Amino acid sequence: MKRTMLAALGLATGFALPAAAEDIKVGLLLPFSGVYAALGNDIEAGFNLAIEQFGSETKATFEIVREDTEVKPPVALGKAKKLILQDNVDLIAGIVSSGVLGAVRDMVHGAGVPLIVANAGNDEATGADCSPYITRMSFSNSQINRPMGTWMHEQGIGKVFTLAPDYAAGRQMIDAFTASFIAAGGEVVGQEFTPFQKTQDFGPYLAQAKASGADAVYVFYAGGEAISFVKQYDSFGLKADLPLYGSGFLTSALYVNAEGPAAEGVITALHYVPTIDTDANRVFAEAFTAATGRVPSEYAVQGYDAARALIEATKTGASDRETLANALRQVSFEGPRGTLSIDPATNNVVQPIYVYETVAGENGLTQKVLAQLPAETDPANGCVMPPIAN
Ligand code: PHB
């Protein structure tokens, strides 16, 4: 529209005008309060860093409107509506909780607003509820946990007890892990889901795990809940007899030093660790630390890669909701995690998974990579990708 008007002006006045810069309005929908507030801040820091580093590669400029989900699905839905209907954003990026993603999915799909998911792993969003408007640059819940079931059984672990918060992400992560662990020949001897954002004392669950006869405990916790859980697990005296495993958000670089020695020896799996030994990761990690004073976490990388995907999409000339949605699904670039691409069958990112142990390093706790498991493409999980409506 803006381009057409300027082009018309150019013709009328007889002057050749340079191509107009498109201003893209981005709604950044993240938790800036609640148990995942630190995650939202790290995603935003990564997002801003990529705009700063790569923004000059595109003619587009970006205007960002921030909204706080508070990790509450109804609040997040209200904020998504405001961004779409009132602010008239061209695109939304962010979303940390699978519950929030489930709540806003129909709104963004129905309105035809592209959404770059920068964390929430909800399997449905790139499965049965997939949408050509939803592109995920982070991970899916099953993508992270499925390879761990097989790997742990290969390490000689026969029986596990599982724990996770009782909401979509907790259930999907544990389901994916237990399915592959059982398929490999393992046994799940007990399983509990703890009230999400409400559990302060994990003692009763830890007592159950101890009495279960398991060889190991496998969990998903993130943010504030991860810090409490890891500390309580250690002070309960379980770590020596009942090793702790999980998805790697449990010991994220973002807050592992708040967990302290309690996190040492915990073995987990994730799509990014700051110790990945590549030039692209070293350059990113240095820039992120210079900007924030922190080691980059998976959350920081997800924000960084979400903004890079947006920049790559605009480099093709995409500028409105429809063309952006189309271009986002086709982005591919070399990032701190390696070469990233989007699976056209689901719009989920394809990436390898790292198994890592949290160990003491020179400057606090660090991540020792034990195994790199092959690039994980999710099965379609019921996704029949609808065409983009005109
Ligand atoms: C999710 O709700 O999908 C979720 C939240 C925090 C994480 C990972 C996944 O660290």
Side-chain angles (χ1 to χ4, degrees), residues 29-44 46 69-73 75-77 93-105 115-127 129 134 136-146 148 163-177 193-197 199 218-230 246-256 258-259 263 266 268-274 296-303 305-306 348-349 351 353-354 356 367 378 381:
L29 189 57
L30 287 168
F32 297 112
S33 57
V35 283
Y36 291 158
L39 287 57
N41 284 322
D42 225 33
I43 291 171
E44 184 180 36
T69 66
E70 303 173 27
V71 205
K72 293 178 182 149
V75 171
L77 181 58
I95 308 201
V96 164
S97 155
S98 282
V100 165
L101 181 52
V104 305
R105 185 268 173 204
L115 167 63
I116 308 176
V117 180
N119 186 72
N122 195 330
D123 289 324
E124 303 286 307
T126 49
D129 286 338
I134 300 177
R136 181 153 48 203
M137 294 304 294
S138 46
F139 58 88
S140 77
N141 292 331
S142 57
Q143 185 180 42
I144 303 272
N145 294 275
R146 187 173 54 234
M148 236 348 216
L163 279 168
D166 189 8
Y167 81 107
R171 298 221 165 237
Q172 291 175 1
M173 296 220 194
I174 295 300
D175 283 355
F177 166 77
F193 291 95
T194 56
F196 180 42
Q197 306 205 70
T199 308
Y218 188 88
V219 307
F220 160 67
Y221 285 105
E225 289 194 324
I227 300 173
S228 314
F229 182 84
V230 168
S247 52
F249 310 104
L250 186 65
T251 44
S252 172
L254 181 58
Y255 38 75
V256 72
E259 295 169 352
V266 177
T268 59
L270 212 50
H271 53 301
Y272 174 78
V273 285
S297 71
E298 64 280 17
Y299 307 110
V301 165
Q302 292 162 189
D305 287 341
N348 193 48
V349 62
Q351 58 193 342
I353 299 297
Y354 300 89
Y356 74 94
Q367 302 75 23
D378 276 350
N381 282 333

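Every value quoted in this text rests on a predicted model; they were computed, and no experiment measured them. In each ligand, atom 1 is the first atom listed, and ligand 1 is the first ligand listed.
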Q. With only distance considered, is Tyr299 within less than 3.5 Å of ligand 1 through an N or O on each side?
A. yes

Q) Between Asn119 and Ser138, do the side chains contain an N or O donor and an N or O acceptor separated by less than 3.5 Å? A) no

Q.
Please evaluate residues Tyr36 and Tyr221 with respect to the criterion ring pair (Phe, Tyr, Trp, His ring centres under 6.0 Å), reporting the C-alpha separation (whole Å), side-chain torsions for both, the decisive distance (0.1 Å), and the verdict.
A. CA-CA 11 Å; Tyr36 291 158; Tyr221 285 105; over 10 Å; no

Q. Backbone, side chain, both or neither: what part of Asn119 comes under 4.0 angstrom of ligand 1, heavy atoms only?
A. side chain

Q) Are Tyr255 and Phe229 close enough that their ring centers fall under 6.0 Å? A) no

Q: Taking the side chain as every heavy atom from C-beta outward, state whether Glu298 and His271 have any pair of such atoms under 4.5 Å apart.
A: yes

Q: Write out the residue and atom name of the closest protein heavy atom to atom 3 (O) of ligand 1, then the distance separating them to 0.1 Å.
A: Ser98 OG, 2.6 Å

Q) With a 4.5 Å limit on heavy-atom distance, are the side chains of Ser247 and Asn145 in contact? A) yes

**Q.** Nearest non-hydrogen protein atom, atom 2 (O) of ligand 1
**A.** Tyr167 OH, 2.5 Å

Q: Using only heavy-atom distances, determine whether the side chains of Thr251 and Tyr356 contain a donor-acceptor pair under 3.5 Å.
A: yes

**Q.** Side chain, backbone, both or neither: the part of Phe139 lying under 4.0 Å from ligand 1 by heavy atom
**A.** side chain

Q. For ligand 1, which atoms sit closer than 4.0 Å to a heavy atom of Ala222?
A. 6 (C), 7 (C), 10 (O)

Q) Val96 heavy atoms, cut-off 4.0 Å: which ligand 1 atoms fall inside? A) 1 (C), 2 (O), 3 (O), 4 (C), 5 (C)

Q: Show which atoms of ligand 1 fall inside a sub-4.0 Å distance from at least one heavy-atom site of Ala120.
A: 3 (O)

(Q) Tell me whether Arg171 forms a cation-pi arrangement with Phe193, defined as NZ or CZ under 6.0 Å from the six-membered ring centre and within 45 degrees of its axis. (A) yes

Q: Could you tell me which atoms of ligand 1, counted from 1 in the order shown, lie closer than 4.0 angstrom to a heavy atom of Ala169?
A: 1 (C), 2 (O), 3 (O)

Q: Heavy-atom distances under 4.0 Å are what count here, so tell me which part of Met173 touches ligand 1: side chain, backbone, both or neither.
A: side chain

